[in-house]
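We count residues from 1, following the sequence as given.
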Amino acid sequence: NSATSSLTNSKLRDISASVNTFFNSIASNFNVSGYGQEQLKEYVPALVYTMYDGYYIYSPFINTLDPNDNFVNSATYKNGEKISGLKPYIYYSCRYQYNGMDFVINYAMDNYIVIQGTDASGNAIYESGYLLNDVTGNGTTATYRGTDITGEAALQEYIGRNRYTYVKINGVKYYKDNDNTWFSLLNGTKITDQTANYIDGDNYAAVKYYTEAADFKQKIDALELEGLTSASAVDENGDPIDGMYGGYEIFNFYKDGKNIEDAYSDFNQHRLAVIRYSIEKNLSIAIANYNYYGPSTKANFQMPELREDEWDKLLNNISIISFMQGLSIGGKIYNGYSIVNNNKNEELVTEESIYIISGDNYYRPTSTEFTTGGKTAEMGAWNIDFERKGIEELVDASNGTYNMVYYYPRIELGDYNSIVTQTGTNSTSEIITYIAGTSNDQLKKAYYTALGRERYSLYRPNKDSEELKQEFTTP
């Protein structure tokens, strides 16, 4: 979750570092004496990193060098050598053949999708966006589920001891300095942009989010995908996918009292099925193939059966799954797996990620303070903006000495009852449904505005950062 985690090379760097940490921690914390990192790898058939729109699998493979290529004998890896490493990124995707069209939908951990392929006439299709029902917008105002979304006051937060106005564009925050220049932060270091001149007035990111969702809904309608069901899912050979339930109406925007973005809509049920099918299929192959690579251990590596509550964690959070099988510990053989979730990261804004600010405190949207406590919902904020961060500040210019200063971007304090103990909340299994049903219009607007603002501001690889910057630049 570094400041550059939205960049592919930085993700790979961070994941590779975590792999090393994983093996080192097993050797030290679990007191597995006599096992080094390379030896431990013999008992770990796979590590899985589930990301926002896909996943990495770390597992062994046979290195293959093309004999026609010119490579020297001093190369790091030899031809035919077994090595461990990250396999290419696998998207949460599914192919469909429907009404003469042939296309792939890439899913994510929320209601964002990418559609790419060809229509019945062979013309290219490439569309992407968030799926929302009951939404309209024109770029300056929007309405979602009957709540008007307008521009909000310029965003501000602390860096160190100072408070700055900022705009967030494609995952990067740009701050206005005292001399009216703008800067961003890269791993705690200021990067000044002398030419930037961003708008420091009302912020319309939330309005843009709902406007683009309304436009995307029209594009889905224009593609005539309203009859697409999960029965149209096919594999790479064009054959129906075994085990893929065919009754889901994927682009039915309102069915059985549920909007398409609701947790138990047909779209979300199918989305989760696609993600689970992809992970199970490729992970099973990776673990089964491990036996082929001839590990020194005699264990028969197999894909374990994960519980439903564990799948629920994996399908809704950035996660790591680790497997270990066949390890001898004190006369016994260890076979097990572990799942670690990260629900506070820079890639995913869930319905549970938004807190509501009132006065000097922040609360969960379901807090009883907004129903019986008389609190006013002033604005919504992303939960990670209440986490501690660090920045390097110059101490001595003569010798270039810096100290790391820790700070909180937002200085409001968490409400004990709703944030810590979670006893002062109205019970609900789905926040988006709770918000839609509340009679507190201020709470609705604060929540919907924050959710739209933060999702619109996230990094998306298919967005042009320079074009987005122009939207936030003073003419």
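- Geometric assessment of Lys375 against the ring of Phe370 yields a negative cation-pi assignment under the 6.0 Å and 45° thresholds.
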* Hey, mind stepping through Thr350 and Ser353 against side chain to side chain donor-acceptor pair (under 3.5 Å) and telling me if it holds? -> CA-CA 5 Å; Thr350 67; Ser353 300; 2.9 Å; yes

* Asked: Can you list the steps and then say if Glu157 with Arg163 is a salt bridge (charged side-chain N to carboxylate O under 4.0 Å, His left out)?
  -> CA-CA 5 Å; Glu157 69 178 25; Arg163 193 177 187 185; over 6 Å; no

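- The pair Asp215-Lys208 does not count as a salt bridge, with every side-chain nitrogen at least 4.0 angstrom from each carboxylate oxygen.
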* Asked: Are Leu47 and Phe22 close enough, and set up right, to give a side chain to side chain contact (heavy atoms under 4.5 Å, CB included), and what steps lead you there?
  -> CA-CA 10 Å; Leu47 298 175; Phe22 170 80; 3.7 Å; yes

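- Figure legend: cation-pi geometry between Arg388 and Tyr406, with NZ or CZ positioned under 6.0 Å from the six-membered ring centre and within 45° of its axis.
- Ser184 contributes no side-chain N or O that, together with a main-chain N or O of Tyr174, makes up a donor-acceptor pair within less than 3.5 Å.
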* **Arg276/Glu308 under salt bridge (charged side-chain N to carboxylate O under 4.0 Å, His left out): CA gap, chis, key distance, verdict** => CA-CA 11 Å; Arg276 178 170 176 169; Glu308 290 302 316; 3.0 Å; yes

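- Gln422 contributes atom CD, which lies 8.0 Å from atom OG1 of Thr366 (distance to the nearest 0.5 angstrom).
- At least one donor-acceptor pair closer than 3.5 Å links the side chain of Tyr92 to the backbone N or O of Gly54.
- More than 12 heavy atoms of other shown residues, nucleotides or ligands fall within 6.0 angstrom of atom NZ in Lys389.
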* Checking salt bridge (charged side-chain N to carboxylate O under 4.0 Å, His left out) for the pair Arg455/Glu351: CA distance, chi angles, key distance, verdict? -> CA-CA 10 Å; Arg455 283 185 171 176; Glu351 286 82 3; 3.7 Å; yes

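- The backbone N or O of Thr195 sits less than 3.5 Å from a side-chain atom of Asp193, completing a donor-acceptor pair.
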* Asked: Do Glu310 and Arg307 pass the salt bridge (charged side-chain N to carboxylate O under 4.0 Å, His left out) test, and can you show the C-alpha distance, the side-chain angles, and the key distance before you say yes or no?
  -> CA-CA 5 Å; Glu310 293 171 329; Arg307 301 191 310 268; 3.2 Å; yes

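- No donor-acceptor pair closer than 3.5 Å links the side chain of Ser128 to the backbone N or O of Val114.
- The number of heavy-atom neighbours closer than 6.0 Å to NZ of Lys313, taken from other residues, nucleotides and ligands shown, is 12 or below.
- Remark: of the listed residues Ile435, Leu443, Asp148, Ile435 is the sole one forming a side chain to side chain contact (heavy atoms under 4.5 Å, CB included) with Tyr448.
- Taken from CG in Asp415 to OG in Ser358, the straight-line distance is 10.0 Å, to the nearest 0.5 Å.
- Side-chain atoms of Asp177 never come within 3.5 Å of backbone atoms of Asp179 as a donor-acceptor pair (strictly under, hydrogens ignored).
- One finds the CG atom of Leu131 at 10.5 Å from the CZ atom of Arg271 (value rounded to the nearest 0.5 Å).
- Within the 4.5 Å cutoff, no side-chain heavy atoms of Leu155 are placed close to those of Val167.
- By the 4.0 Å N-to-carboxylate-O rule, Glu127 lies close enough to Lys219 to be salt-bridged with it.
- Of the possible polar contacts, none joining the Asn417 side chain to the Gly424 backbone as a donor-acceptor pair under 3.5 Å is found.
- Residue-environment remark: CG (Asp464) exceeds the threshold of 12 foreign heavy atoms within 6.0 Å.
- Between Tyr264 and Glu430, the shortest heavy-atom contact is CD1-OE1, 4.4 Å.
- The side chain to side chain contact (heavy atoms under 4.5 Å, CB included) test with Ile275 is passed by exactly one of Leu315, Thr50, Asn316: Leu315.
- With no hydrogens or angles considered, a side-chain donor-acceptor pair links Asn282 and Tyr55 at under 3.5 Å.
- Screening Phe472, Phe183, Trp182 for a ring-ring contact (aromatic ring centres under 6.0 Å, His included) with Tyr198, the sole residue that qualifies is Trp182.
- Between Phe253 and Ile220, the closest side-chain pair of non-hydrogen atoms falls below 4.5 Å.
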* Check against side chain to side chain donor-acceptor pair (under 3.5 Å), Tyr52 and Asp110 -> CA-CA 8 Å; Tyr52 172 70; Asp110 54 20; 2.6 Å; yes

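- No donor-acceptor pair closer than 3.5 Å links the side chain of Gln470 to the backbone N or O of Glu467.
- Each of Thr449, Asn133, Val135 was scored for a side chain to side chain contact (heavy atoms under 4.5 Å, CB included) with Tyr144, with one residue passing: Val135.
- Taking the ring axis of Tyr164 as reference, the NZ or CZ atom of Lys176 does not stay both within 45° of it and closer than 6.0 Å to the ring centre.
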* To do: Step by step, work out the side chain to side chain donor-acceptor pair (under 3.5 Å) result for Ser319 and Asn317.
  => CA-CA 6 Å; Ser319 306; Asn317 295 283; 5.5 Å; no

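- The aromatic rings of Tyr355 and Phe386 sit tilted, their planes meeting at an angle between 30° and 60°.
- In this view, Asp221 and Lys217 satisfy the salt bridge (Lys or Arg N to Asp or Glu O under 4.0 Å) rule, not counting sequence neighbours.
- In this structure, Arg460 satisfies the cation-pi test against Tyr112, with its NZ or CZ atom closer than 6.0 Å to the six-membered ring centre and inside 45 degrees of the ring normal.
- Rounded to the nearest 0.5 Å, atoms OH (Tyr58) and OH (Tyr49) are 8.5 Å apart.
- In summary, of the residues considered (Tyr130, Tyr204, Phe216, Tyr456), a ring-ring contact (aromatic ring centres under 6.0 Å, His included) with Tyr209 occurs for Tyr130 alone.
- When side chains are defined from C-beta on, Asp53 does not count as touching Asn106, because their heavy atoms never get closer than 4.5 Å.
- Contact detail for Arg453 and Asn203: the closest heavy-atom pair is CG-OD1, 4.4 Å.
- Rounding to the nearest 0.5 Å gives a distance of 15.0 Å between NZ of Lys258 and CD1 of Ile432.
- Electrostatic pairing of Asp441 and Arg145 does not count as a salt bridge here, judged by no charged N lying under 4.0 Å from a carboxylate O.
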* Begin with the C-alpha distance, continue with both residues' side-chain angles, and end with the deciding distance and a verdict on side chain to side chain contact (heavy atoms under 4.5 Å, CB included) for Leu314 and Ile321. => CA-CA 9 Å; Leu314 291 174; Ile321 323 171; 3.5 Å; yes

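- With hydrogens and angles disregarded, no donor-acceptor distance shorter than 3.5 Å links the side chain of Asn259 to the backbone of Glu261.
- Of all the heavy atoms in Ile57 and Ala286, the pair that sits closest is CG2-CB, 4.1 Å.
- Side chains of Tyr96 and Val104 form no contact here, defined as non-hydrogen atoms less than 4.5 Å apart.
- The main-chain N or O of Asp262 is found under 3.5 Å from a side-chain atom of Asn268 such that the two form a donor-acceptor pair.
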* Asked: What do the steps show when you test Tyr459 against Glu346 for side chain to side chain donor-acceptor pair (under 3.5 Å), and what is the final call?
  -> CA-CA 9 Å; Tyr459 170 78; Glu346 300 279 358; over 6 Å; no

